[in-house]
Engineer: 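Here it is, the structure, as structure tokens.
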Amino acid sequence: MPSHDIALIGLGVMGQNLVLNMDRHGFAVAVYNRTRSVTEQFMAERAAGTAVIGCFEPAELAAALKPPRRILLMVKAGGPVDAVIQQLRPHLQPGDVLIDGGNSHFADTARRSKDLEADGLRYLGVGISGGEEGALYGPSIMPGGPPAAYETVRPIFEAIAARADDGAPCVAYLGPLGAGHYVKMVHNGIEYAVMQLIAEIYDLLRRGLGTSAEALARTFAEWNRGELASYLMEITAAVLRRQDPLTGQPITEVILDSAEQKGTGRWTVQEALEMGVPIPTISAAVEARGLSALKAQRLAASRLLHGPQPGEPPAREAVEAAARQALYAGTVCAYAQGMALLQRASGERDFGIDLAETARIWRAGCIIRAAMLEDIRRAYAAESSLSSLLTASPFREALGEMNAGWRQALETSLRLGIPTPSGSASLAYYDAMRSARLPANLTQAQRDYFGAHTYQRLDREGAFHTDWLAEG
Ligand code: NBP
């Protein structure tokens, strides 16, 4: 007798916690995992005493569900998603709803959606952010796909999602096909950028000024009480406070300086290039992870390459105050670039993404949740076609007030030889955006010189060419 509300396939970190979240909210969940022992262990341990049932065959799972079936896939992105769909397909009926909650590429989601539509199956591509804890207590959920299919899972998603201060659940329908996964991809791109900006400020204060990890933990905790309040600031303070049980040192001192990436940051950059939307703060953050991975080359080069001579140490308090402003300004640039990419894709890819709603559902549950997201939501609610977040209040005023400190922090890093790829890219972005005239006039002239590409003029309409080799 079909009795269960929803199934979840893939009992990894996210899957297990989402199951327990749904169970806690009164939904009857059936689970299945490729490796049988994982299901057995989950049922015997974490799911013991809950209403969750474990299934060991896709057919058994399908038979347990009320129609239309709702099946949430939480498996590794890529081939595993296609493999699970093929396994399930013979057991499904028209109207059933498959939901991919992993970090799939939005183009894969669109392809799968169209393919399944041929059998009358409905497909939702849903970004879910919040990591382990978010999955258990309330993630931010970014759904895309057919609106009617979304309605079938809406009550579940609204129940399990994080709630912002105003009590609203952090979930909203975002658009057709891969819109949900697109928004999640950009979310992750912003996440890369904000993490990199924090790391650069940490580097300036730790390596540049010699501030201890413990003192930095206090600084970041203090900043987390103001305009920079965010989950990433909170965990940065917690990470810097943590001691290594093996050596008694701050744990950050013994962790290898080589960061990994799974691909969503790279996809964001690839997509931004495709769309022609500059996202330099985010691109620099992806590149910075690449540079960090060149550990052996960096070690070798560090013995050969020279930097600046150490001069007078800068005054710590002044640098800290400036660094706080640089971090805020850089973070605003990261959000501005991510939103600009969403805005362009929303039109060009027919997603129709509501940017105010996007900012709203990022206010809690997800990794980039931050106090400034309420300001971002308000800015797009006031003007949905806002051409740049930088020009909206309160950001325009704040960036103006913080300008001197922002530059001072970057100048100090430059002087000390501390790399600031995302921080410098942010300031260059801001300076370019506020320049009514950039040197692309010279670039256009050069292009016309060597390739007769023509140029436009400021003072009259049309395409012009100069015979550059003729006497001028
Ligand atoms: P993983 O990404 O590590 O996925 C593990 C699950 O995928 C396991 O249940 C595994 O089954 C299953 N699986 C694999 Br791998 N290959 C399979 C195949 N060919 N057929 C069937 N099942 C297969 O776990 P996760 O960290 O929970 O992430 C799940 C999804 O959520 C991913 O797309 C991830 O990018 C995304 N995500 C993760 C986080 C996070 O913080 N971890 C946050 C947000 C989104 P097995 O037990 O048999 O190996």
Side-chain angles (χ1 to χ4, degrees), residues 7-22 29-47 52 54-59 61 71-89 91 98-109 112 123-144 157 160-162 170-171 178 180-192 195 231-232 235 259-268 361-362 364-369:
L8 183 139
I9 298 183
L11 292 171
V13 179
M14 294 296 283
Q16 291 198 10
N17 288 297
L18 284 169
V19 170
L20 297 176
N21 188 346
M22 290 190 281
V29 191
V31 301
Y32 170 80
N33 190 73
R34 175 183 62 170
T35 306
R36 184 185 178 97
S37 59
V38 173
T39 310
E40 287 170 343
Q41 192 180 0
F42 176 67
M43 293 307 299
E45 295 174 7
R46 297 191 72 195
V52 178
C55 300
F56 297 95
E57 293 297 334
L61 186 86
I71 304 177
L72 175 55
L73 314 183
M74 285 309 300
V75 300
K76 202 172 162 186
V81 176
D82 290 310
V84 173
I85 291 173
Q86 288 323 312
Q87 267 189 314
L88 274 177
R89 208 167 176 158
H91 309 289
L98 272 180
I99 309 136
D100 175 9
N103 278 341
S104 293
H105 193 280
F106 69 93
D108 284 339
T109 302
R112 290 171 186 137
Y123 197 69
L124 293 171
V126 179
I128 302 182
S129 176
E132 193 172 358
E133 202 189 317
L136 184 57
Y137 296 113
S140 170
I141 308 179
M142 298 155 242
F157 283 177
I160 67 166
C170 289
V171 55
H181 278 144
Y182 199 98
V183 171
K184 177 69 193 324
M185 174 188 78
V186 174
H187 164 285
N188 285 22
I190 296 170
E191 175 185 310
Y192 271 62
M195 290 173 74
Y231 172 71
L232 285 169
I235 67 163
E260 295 183 1
Q261 50 180 314
K262 280 193 173 166
T264 41
R266 188 178 66 239
W267 293 346
T268 310
I361 66 172
W362 284 349
C366 66
I367 305 298
I368 62 168
R369 61 187 186 256

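As the structure is a prediction and not an experimental result, all values here were calculated from the model. Each residue takes its place number in the sequence, starting with 1. Both counts, for ligands and for their atoms, begin at 1 and track the order of listing.
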Engineer: Do I9 and Q87 touch side chain to side chain, with heavy atoms closer than 4.5 Å?
Structural biologist: no
Engineer: Check whether any side-chain heavy atom of I128 sits under 4.5 Å from a side-chain heavy atom of V126, and report yes or no.
Structural biologist: yes
Engineer: In this structure, are over 12 heavy atoms from other groups packed under 6.0 Å from Q86 atom CD?
Structural biologist: yes
Engineer: Is there a side-chain contact between K262 and N188 in this structure, where contact means two heavy atoms from C-beta onward sitting under 4.5 Å apart?
Structural biologist: no
Engineer: Exactly which residues line ligand 1, taking a heavy atom under 4.0 Å from it as the test?
Structural biologist: G10, L11, G12, V13, M14, N33, R34, T35, V38, M74, V75, K76, A77, P80, V84, G102, N103, I128, G131, K184
Engineer: For atom CD of E40, is the number of surrounding heavy atoms from other residues, nucleotides or ligands below 6.0 Å larger than 12?
Structural biologist: yes
Engineer: Testing the basics here: between H91 and P58, what is the closest heavy-atom pair and its distance to 0.1 Å?
Structural biologist: CD2-CB, 3.9 Å
